[in-house]
Amino acid sequence: ESPNFVYFIQNHDQVGNRALGDRVHHLPHVTPAAFRGASTLLLTLPTTPLLFMGQEWAASTPFPFFSDHHGELGAAVTEGRKWEFEGFESFRDVENLDPQAASTFEAAKLNWAEPQEGEHARTLALYRALLHLRKTDPVLQNRERRHLTAGSVGDSLLWVSTVTGDGAGAGECVLLWNTGSGEVKLDTLPLPFPLPPSEVLHSENRAGVTKLLPGEALLLGGLDLQAVHHDVNVVLNLLLQLRRVTELVQLTVDPHARVALCGQEGEGHAAADEEHVSLLQQVGDDAQLVGDLGAAEDDAVGALGVTGDL
């Protein structure tokens, strides 16, 4: 299944084996919006995501290759790195970092003040929101590849659709990522399916999105209406059961309530007793009554998808 596959947009080999250790978001053609769009894709796929240190806030620090070898081996590593990049035209005029130098190692250390600053803070907020969705959204929680389809609209848009089946997790999520150089209007997209009605997340934290600018991604969602209708009926039935149990509790602990509910003195007492016995036969003894009340409340809370006390 999908969780057996590890996906990433950068890792220590890709970054560390470059001449200067520059990360994917350091490349001149990768804008902050494009990096956040790629991150949105990564964290909404059913595969297991790999996050390289500092990626979650688009760290400005590089991750150059460094080593701490002694004697001839250390010198050989330094010369080997120079020789390795001589054949790359893009690195001919670049002064390679000496992996044996202490400054190269120091340059690889993260700046832990960055996550609270500017674009870094925006990126970190996105990662946190995506990881929360990945954990809590019923559709994104489903890791089966059979629910996923993907495609593109020319070179301008990548789409990924996840449609789950019946049950509590039924629904749909569609990711749209603008991979082109111009804006993409949502109402004119030639997609093989209608877009879900609800905005779940926009990579640049905009609402009311009608178009995607270059690099931006949008996650849309929608519930299975049949599943919602079923859940509503379940909740209504549970609430009716709760009301009946509440009446029983009142009859059990308050004899005056029996009179008010079923009659007055005399014959009313007999009618109230008969009703009381009938209700007790339906629900059981006092211990079972308390258990049923708690279970019914828990079921109602679970079906509604809320937390806390009713």
* Could you pull out all residues at least two apart from K109 that satisfy salt bridge (charged side-chain N to carboxylate O under 4.0 Å, His left out)? => E106
* Structure fact -> Sorted by chain and number, sequence neighbours left out, salt bridge (charged side-chain N to carboxylate O under 4.0 Å, His left out) with R23 holds for none
Give a yes or no on whether [X] atom [atom1] has more than 12 heavy-atom contacts from other residues, nucleotides or ligands under 6.0 Å away.
X	atom1	value
E72	CD	no
H69	NE2	yes
E95	CD	no
D155	CG	no
N17	CG	yes

Listed pairs under 3.5 Å, donor-acceptor, residues 36-53 side chains, sequence neighbours left out:
from : atom 1 : to   : atom 2 : distance (Å)
R36  : NE     : E204 : OE2    : 2.7
R36  : NH1    : E119 : OE1    : 2.9
R36  : NH1    : T123 : OG1    : 3.0
R36  : NH2    : E119 : OE1    : 2.8
R36  : NH2    : E204 : OE1    : 3.1
S39  : OG     : F35  : O      : 2.8
S39  : OG     : Y127 : OH     : 2.6
T40  : OG1    : R36  : O      : 2.8
T44  : OG1    : T40  : O      : 2.7
T44  : OG1    : L41  : O      : 3.3
T48  : OG1    : P3   : O      : 2.7

Within this structure, what is the [atom1]-[atom2] distance for the pair [X] and [Y], rounded to the nearest 0.5 Å?
X	Y	atom1	atom2	result
L158	L175	CG	CG	7.0 Å
W159	L195	CH2	CG	11.0 Å
L131	L140	CG	CG	11.5 Å

* Residues in ring pair (Phe, Tyr, Trp, His ring centres under 6.0 Å) contact with Y7, at least two apart in sequence or another chain -> none
Tell me whether [X] contacts the main-chain N or O of [Y] through its side chain, where contact means a donor paired with an acceptor under 3.5 Å.
X	Y	value
S161	V174	no
H26	A59	yes
Q14	N11	yes
Q116	E114	no

What pairs of donor and acceptor atoms, side-chain ones from residues 210-222 against any protein atom, are under 3.5 angstrom apart with sequence neighbours left out?
from : atom 1 : to   : atom 2 : distance (Å)
K211 : NZ     : E183 : OE1    : 3.3
E216 : OE1    : H202 : NE2    : 3.2
E216 : OE1    : R206 : NH2    : 2.5
E216 : OE1    : L213 : N      : 3.0
E216 : OE2    : R206 : NH2    : 3.4

* Asked: Parallel, tilted or perpendicular for F88 and F85, by the 30°/60° rule?
  -> tilted
* Under the side chain to side chain donor-acceptor pair (under 3.5 Å) test, residues paired with T78 that sit two or more places apart -> D98
